Amino acid sequence: MVSLKRLVCAAVAMLAMSIVARAEDGFPFGTEMTLEALPQAGSKRIPNIEIGDHGEVVLELWCKGGKGQFSVAGNTVIFVPGQIQDRNCPTARAQADDELVAALSSVETWKRQGDVLTLIGPKPLRFRSTGN
């Protein structure tokens with residue numbers, strides 16, 4: 001016969017595991033993430049985004065940098081870019097940066113599996129958490 005204490009402990013453990021699992025699959029507010037992409041020719045840099053607790057974003061692209069804002073409701077996401085700094089970029093990197101900002105601006109939904117965030121739109125973008 002199972003004791004009441006064991007049943008309560010098991011129920012608490014299951015609840016705690018389900019909360020952790022939901023947190024791992026939620027939108028990654030408060031996380032720094034790197035785009036799954038190769039560096040541009042002549043550079044080792046790969047774009048990353050730092051997502052604040054309220055959806056504010058700091059972008060470091062192949063050359064340019066700037067800010068933006070994510071708004072999330074369920075699995076729907078909207079990205080609004082802010083001021084983007086030019087930084088006197090070579091033409092190819094500037095074009096790649098502009099294309100990435102445009103792709104971020106056209107995302108519609110998202111999904112997360114572990115430390116990978118996929119932003120889904122006309123051009124899906126995959127970001128991987130750089131934190132522990």
Side-chain angles (χ1 to χ4, degrees):
M1 188 173 235
V2 178
S3 72
L4 180 58
K5 182 178 178 181
R6 282 189 173 191
L7 284 175
V8 170
C9 287
V12 168
M14 288 175 46
L15 179 61
M17 287 189 313
S18 69
I19 289 170
V20 169
R22 275 192 230 129
E24 289 177 357
D25 290 334
F27 196 82
F29 293 109
T31 305
E32 186 175 335
M33 307 192 92
T34 301
L35 180 67
E36 287 188 349
L38 297 173
Q40 293 288 311
S43 174
K44 294 181 181 179
R45 198 166 162 174
I46 298 176
N48 69 58
I49 57 176
E50 186 176 328
I51 307 168
D53 293 335
H54 303 288
E56 64 278 10
V57 177
V58 176
L59 299 165
E60 286 298 331
L61 306 169
W62 280 284
C63 181
K64 297 180 181 184
K67 296 187 177 193
Q69 178 73 41
F70 277 119
S71 295
V72 180
N75 73 335
T76 301
V77 65
I78 297 171
F79 176 77
V80 178
Q83 183 74 15
I84 304 295
Q85 301 167 353
D86 190 351
R87 297 183 180 165
N88 200 18
C89 302
T91 304
R93 288 189 204 145
Q95 183 177 353
D97 287 346
D98 293 342
E99 290 172 2
L100 180 54
V101 171
L104 280 166
S105 299
S106 66
V107 299
E108 299 166 350
T109 60
W110 66 276
K111 69 178 179 178
R112 183 173 175 195
Q113 294 175 318
D115 65 346
V116 175
L117 170 69
T118 304
L119 298 172
I120 303 162
K123 180 181 178 182
L125 302 168
R126 287 176 46 103
F127 288 87
R128 186 170 298 277
S129 174
T130 57
N132 294 339

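Note that the structure is a prediction, hence the values are computed from the model and not measured.
- Taking 4.5 Å as the limit, every side-chain heavy atom of L100 sits out of range of all side-chain heavy atoms of D98.
- Ring centers of F70 and F27: under 6.0 Å apart, within the cut-off.
- In this structure the side chain of R128 never reaches within 4.5 angstrom of the side chain of T34, judged on heavy atoms.
- Here K67 does not pair with E50 in a salt bridge; the nearest charged N to carboxylate O distance is not below 4.0 Å.
- Of the possible polar contacts, one joining the T130 side chain to the E32 backbone as a donor-acceptor pair under 3.5 Å is found.
- Summarising the geometry, atom CD belonging to Q69 is positioned 10.5 Å from atom CD1 belonging to I51; distances are rounded to the nearest 0.5 Å.
- In this structure, P39 and R45 have side chains that are not in contact, with every pair of non-hydrogen atoms separated by 4.5 Å or more.
- From L104, atom CG reaches atom CD1 of I49 across 6.5 Å, with rounding to the nearest 0.5 Å.
- Using a 4.5 Å heavy-atom threshold, the side chains of V72 and W110 count as touching.
- Side chain of S43 to main chain of Q40: no donor-acceptor pair is present (N/O by atom type, distance under 3.5 Å, no hydrogens or angles).
- Looking at M33 and L117, their side chains come closer than 4.5 Å, going by heavy atoms from C-beta outward.
- Electrostatic pairing of E99 and K123 does not count as a salt bridge here, judged by no charged N lying under 4.0 Å from a carboxylate O.
- With a 6.0 Å radius and a threshold of 12 heavy atoms from other residues, nucleotides or ligands, E36 has its CD atom above the threshold.
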